Each structure stands twice: as C-alpha cells, then as structure tokens.
Undergrad: 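For reference, the structure I am asking about is given below.
Letters go in sequence order (proteins before strands), and every chain restarts at 1. Since the structure is predicted, the reported quantities are computational estimates derived from the model, not experimental observations.
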2 protein chains.
Amino acid sequence: MANNINFNSYSDAPVFNIKAVTQRTGISAPTLRAWERRYNVLSPSRSDGNYRLFSERDIAILNWLNERLQSGMSISRAVALLHNSQHKHGTSNGQTNGQGQHAEFSQLQSRAGNYVSAFAVEDDAKGLNLEHLRTQLHRNLIQMDEHNAHATFAEALAVYTVEDVCQNIITPVLIQIGEDWHDGLISVTIEHFATAVLVGKFYSLFNALGTTHGPLVLVGCAPTERHEIGALMLAFLLRRRGHNVRYLGADMPINDLVESARKLKPRAIVLSAMLYESAGALSLLPPRLQAYAPDTLLFIGGNAFRNGIHPALTSSKTVNYLGNDLQEGLKSIEATLR
Amino acid sequence: MANNINFNSYSDAPVFNIKAVTQRTGISAPTLRAWERRYNVLSPSRSDGNYRLFSERDIAILNWLNERLQSGMSISRAVALLHNSQHKHGTSNGQTNGQGQHAEFSQLQSRAGNYVSAFAVEDDAKGLNLEHLRTQLHRNLIQMDEHNAHATFAEALAVYTVEDVCQNIITPVLIQIGEDWHDGLISVTIEHFATAVLVGKFYSLFNALGTTHGPLVLVGCAPTERHEIGALMLAFLLRRRGHNVRYLGADMPINDLVESARKLKPRAIVLSAMLYESAGALSLLPPRLQAYAPDTLLFIGGNAFRNGIHPALTSSKTVNYLGNDLQEGLKSIEATLR
DNA sequence: AGGTTTTGTATAGTATCTGTCTAATCTTTG
DNA sequence: CAAAGATTAGACAGATACTATACAAAACCT
C-alpha cells in the first residue's frame, strides 16, 4: 500500500469554495489557481457563477502534494509523480464489473451467486459495514481483481482495527472461498490466487513492522499443515503489539521444533493447525517439549481444535489452547506471557 | 506510513529534484554535482529545464556511499568500489572451498544457537561484491537476524538490479541454506525462517507494484511443488516489467490449470518446479492444455529440469523451457510473448 | 616539513521555477 | 447598492538550479 497513491476512497462531491480549501490545506488561493493553470492538477467543477468548487478528494490530493513539498520535492515534480501514478492504476474502486476484466470473471461471479447471503449478519450497525466489506473483498478476490482487493483492504483498515479486519473480514472471506471451492463454485486457481493475495498482504505488513527486542516468540504451522494465513496473522498481530516474533512458515516438524526450542530457548512457541491430521501430529510435542525445553510455553490454535475435536490437547496442562478466535488467542498469549 | 511512496523497490523512475535528494541524503547540492562531474557516479536524467532528476535508486546509492564515508573510506575509493562491484556481474562465480565454509557455518550455527544479540556490528570495510553480500545475507539468516537481513537486502538492491539480486544473491543463498540443512548444519527451523523472510520480502515487493492491464500471465508452482520462491521471484520480475501477472502460489493441480486456462484464457502460464516429482507430474499438462486452451502458452522452469533430467518436457514443441536461470527465463518469456 | 593530490565549498553569471501581486471584471451577500 | 470574495491574465521577484572556475582545508605522499 505504500506505493499506492489512491484517492479513490474520497468523495468527489464538489462542495468546498476556495477559502475553505485555503483553510484546510494552508495553500493560498493564488497558489491554488497557479497550480491548476500551470500543472493541470485538479479540475474543480464550477458553481453557477464560475466559482471553483473543490471536493474532499481534491483536498486529500492537495495535502498529499503539501507533504511532498515538505520533503523537498518541487511542486512540478510532485505533480508529475502524481500524474504518473494516477495513470498507472487507473480504475476506481469496485462496484462496476466488466471494464477491463475478463468476461469469464463475471461468469465465475454469477456461478458463485449465493455468496451474498453466505455471511450471517452479526450485530448492530457495524454488522452492515462489515458485511459490505466482506462481500466486496470476496467479489474482488474471485474476480481476480487484485487492485481493488487491496483497495478494499485499505478501506477496511480505515474503519476497523487490524484485529477486527483479521477476525471479521479476512478470516470469514477465506473460509467462504474455501467453501466455494469445495462446492465447485470456483476453481482452485481462484482459491490459490485469493490466498496468495491475502498471505502476501500480511507478509508485507509483517515485514513493515521490523523486529524488536524482548523474549523470543516463534510462530508457525503444525506439522503437515500448509495453511499459513492463520499463523501469519497471529505473527503479525503479536509483532504489532511489540513482541519479538519470528515467523517460521508452514509445516514445522516436531523434531525440529523440539531441537530449536532447546537451542534458541524461545519464551513461547505458537502453532496453528487447520486440518485434523495436522493437529493430531501435534500430540507428541508437549511431552518432548516439557522434557527438553521446560521453560518454553506452547500455544496451539486453529480451526482443527474447534468443537472439542482434540480434547487431549486443548485441555492439557502443558499446552495453552488459544481458544475460538484470533482475539481470544492474542489475549491468552499476552495474559500468559506477562 | 501513508505518506511514504515506496516505488517498486529501488526504481529508476526520475522523480527527485536536487533539493529533495539533499534532504534525504544530507549531501549538499554542490557536493552532489562535484561527485557526478569528478567520479562519474550517478547520471540523473534531466527535466525540460535541464534540472537534475534523481531516482530512488540514486538515493540508495548515495546513502550507501555515505555509509562508506562514515567508516573512513574516501569518496574516490568508495565510488571505485561501487563501480568495481557493478562491473563484476557475470564474472563472479562465488564458489568457495567447501571445508572452510563448513567450519564457518558450524561456528555460526552455534552462535545462532545462543541467539545473543541482534546487532553483531562489524563496520570494517564492508565489500559490495556479490560474494560478500551473499555471505552477509547467509549469516543474517542463519542467525535469525531478520533486521539485518533486510538491511543487507536493501544494500544489495542499491548497487545491483533486482534481477541480479534475485539470481546472484537470493537464489544461491537459499540453495546454500538448503544444503546446510541437508548436511545437518542448521535445523529446519532456521531453514523455514530464512525461506519465510525472503518469501515475505518478495510478496511485499510484488504487492507494492500493483496491477497493470494487458494479456494475463499466470505464475505458480508445478503440482506438489511447495518451494514458492522461484515462481514468486519470476512473478515479481515479470510484473515489474509491466506484465499483467497473477501469482497463484504453490502446488497447482493439473486439472485446475487446464480448467482455468480454458476459462480465463491467459496469454501464458508459467510454472516452476524444484523437485523431480513435481516436474514429472507436469508431463500430463502440455497435451491437455493443447486440447483445451491452444492459445495459452506454457512455460516451465526450475532446478528440476537442470542437467536434462526431463528431456521430454524441455525439448517439447508445445512447451517453452525457461532455461538455466531467472534472466534466461525472463528473456525467453518476453521474446515469446512479443 | 614541504609538495601533491583530494575534496568540499565558494563565486559569478545565467536560466528556470514558483509564489505572490496587480488590474480589471464578475458574483455573492448583507 | 456597497462590500466582500472570486475570476482571469499578465507581470514580477525571490528561490532554486545550472555551468564553470576558483579556492582552501584535509589527506597523502615522500
């Protein structure tokens, strides 16, 4: 998202006269007119009496330009940069299907036509917005519309906390896409693509945070488990809260986990399992961890443990079960680590 | 965060006037001009009014030079070093004697085992040649020093093109780490971590580029293949060159590839295979693709095909073999697509 | 120390960029 | 209607950048 200069989410309703813009941007009126004349930036619509009428989007653009100026860039170069990037990703966010999209995408969409009702409306006013964002992200992904998927993601982050976005948007959309695939509504190609986009997103966010100091926390997937997204979101959220996290990726063998725990002496190991078998493979871990690295805490979580499928693990005293969702898991980890 | 425009890693786009460069590097304008005149370092393009226009890459180079100066090196020597390493591209085949390296690795391994400090500072004349960067990145990774791994990556990108970094740094380092693991020098935890860091890096870069329009190109891994990095680098490099790429991730089943080719009608499908079995599973694809989507070009590549292991595929007329390395592969794809 | 090279900065003169000002006209508002 | 606010077009001056030459401190050699 760092690269995207995307002002599409701002309203383009023409409402502000030039004085209002001056107040909100700190740019004088003559300067605004000069910029418009010389660099062809902004084309505010006009009132009946030919007065300029600026939009919220115009103001966002002006503030962005102001930031460029602040960093030493000249106004001509900043505008050139703006124009460049506007041309590069031209289309605006979402609703209209078709355009440059392949016709087959719309076909896929209509085949998956029942997705609208797939999400249960959870609660109050928030529910509607969440619902809308889920629907939009789901549509973006199954249409392979990567650009707008990122835009929707950004939109969601503007309104909700990262934790909420992870739990109430990303997770349900991915579950829905998994079910769509299971029901033959979408191909595995689309499913792979959607996963790759979201996994990529979280890798980006995770990387952007950078490392901190403190007790080491290893996060990864259970043996044979290849669904990374849950572990990755958890790794990201933990690092975001200041923990010293290393992300290990999919399919961590038991032997190596024990060996690494012995050598690296992490404060905690957090493992995610989505599939029944992956969770089953975990049962050997707690006793061996207890023997070789008694100071390392073990956390497990993921859909594989839901509905009490693996009671031996979720109720064990040497294992900390993360609970039913991400936020519960975060709380559980932080409560135990402190 | 939002005000940082991070163009496609270190892009060559000429966007910064000299004042912006001064602010971002701390080097005065006269000095910048003197360096350009005397040492032939940087050749910024010019605006209509003959003003210098620097790129993100130029700034990275300047920051790197600044670091050399901080550590006592003279500007002439720093520039010479820069030029030297840039010319060295093809010639450096950084193979070192195996024994010495093994010893070094075990030593590093034990250091990694203790996981002492994230900052093992060694600011004695850091070389910029490929061999040094490889060694440094390798060390960062097996010490789980994520912060400095990213720093090394950035340093490499300041001097070499992204293509060179992929081919001559990332790939050999990952191969080395794979061998280290195979030889029992490092645990699979370290190997997973290293892979996750680099995969994450390329996901970030890939995402930062954003989508374009044009003929669709699907990039992914052969069936059962779970080593993503090759396909991911290729997807990134292709998108960087303006192709309309969708990345599909690991393990694409044959049936779904055919089905997607029929529906999405991509101009090309590019598949990477590292393991022998993955490449073998591909043999069914060409005839079916020919039958169901005759207009879609198929490209295959990856270590699995080296040394002529799968002659039926690499010499087939319906399949385009990507050749021995990334750059060959890129050339091959672009030559065919045109 | 004395001589040479390196290297950041300074100067002068010219060109370009860019914010503001002016003058004349038009629109909105009280 | 008068005052306040906007409009355009042109003009202007200070800021910024360019080239080319010059200079002096630092670094380096004997």
Undergrad: Between A/L53 (CG) and D/dA6 (C1'), how many Å, whole number?
TA: 11 Å

Undergrad: Ignoring hydrogens, what is the shortest heavy-atom contact between A/N40 and A/H83? Give both atom names and the distance.
TA: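 Minimum heavy-atom separation between A/N40 and A/H83: O-NE2, 3.5 Å.
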
Undergrad: Establish, yes or no, whether the cationic atom of B/R33 lies under 6.0 Å from the six-membered ring centre of B/W35 and within 45° of the ring axis.
TA: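 No, B/R33 does not sit over the ring of B/W35.
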
Undergrad: Going 5' to 3' on DNA chain C, which nucleotide is the first and which the last to come under 4.0 Å of a heavy atom in chain B?
TA: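 Here the contact window of chain B covers C/dT7 to C/dC17.
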
Undergrad: Measure from the side-chain N and O atoms of A/T25 to the backbone N and O of A/L62, and report whether any donor-acceptor pair falls under 3.5 Å.
TA: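 No.
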
Undergrad: Tell me the interatomic distance from B/N50, atom CG, to D/dT16, atom C1', rounded to whole angstroms.
TA: 14 Å

Undergrad: Give A/S74 one of three labels, base, sugar-phosphate or nothing, depending on what nucleic acid heavy atoms sit under 4.0 Å from its own.
TA: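 Sugar-phosphate, no base atom in range.
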
Undergrad: Could you pick out which residue, A/G49 or B/Y51, lies toward the 5' side of DNA chain D when each is mapped onto its nearest nucleotide?
TA: A/G49

Undergrad: So, B/H138 and B/D180: side-chain donor and acceptor under 3.5 Å apart, yes or no?
TA: yes

Undergrad: Do A/R77 and B/F16 form a cation-pi contact, if we require the NZ or CZ to be under 6.0 Å from the six-membered ring centre and within 45 degrees of the ring's axis?
TA: no

Undergrad: A side-chain contact here means heavy atoms from C-beta on lying under 4.5 Å apart; do B/I18 and B/Y51 qualify?
TA: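 No, side chains not in contact.
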
Undergrad: Do the side chains of A/R239 and B/E146 get close enough for a salt bridge, i.e. N-O under 4.0 angstrom?
TA: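 The answer is yes: the pair qualifies as a salt bridge.
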
Undergrad: Roughly how many Å is it from CZ in A/R38 to P in D/dA9, rounded to a whole number?
TA: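 Taking CZ of A/R38 and P of D/dA9, I get 13 Å after rounding.
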
Undergrad: In whole Å, I'd like the distance from the CG atom of B/L32 to the C1' atom of D/dA17.
TA: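 Checked: the CG to C1' distance equals 12 Å.
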
Undergrad: Rounded off to whole Å, could you give me the CD-to-P distance for the B/E36 and D/dA17 pair?
TA: 14 Å

Undergrad: Starting from P on D/dA17, measure out to CZ on B/R37 and report it in whole angstrom.
TA: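 From B/R37 CZ to D/dA17 P: 17 Å.
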
Undergrad: Base, sugar-phosphate, or nothing for A/R52, non-hydrogen atoms under 4.0 angstrom?
TA: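 Touches sugar-phosphate only.
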
Undergrad: Rounded off to whole Å, could you give me the CZ-to-P distance for the A/R77 and D/dA17 pair?
TA: 13 Å

Undergrad: When we call it a touch if two heavy atoms are under 4.0 Å apart, what does A/R46 touch: a base, just sugar-phosphate, or nothing?
TA: sugar-phosphate

Undergrad: Take the protein atom CD1 of B/I18 and the nucleotide atom P of D/dA15, then report the distance between them rounded to whole Å.
TA: 18 Å

Undergrad: Can you tell me if A/R33 touches the phosphate of D/dA6, counting only side-chain N or O atoms and a distance under 4.0 Å to OP1 or OP2?
TA: no

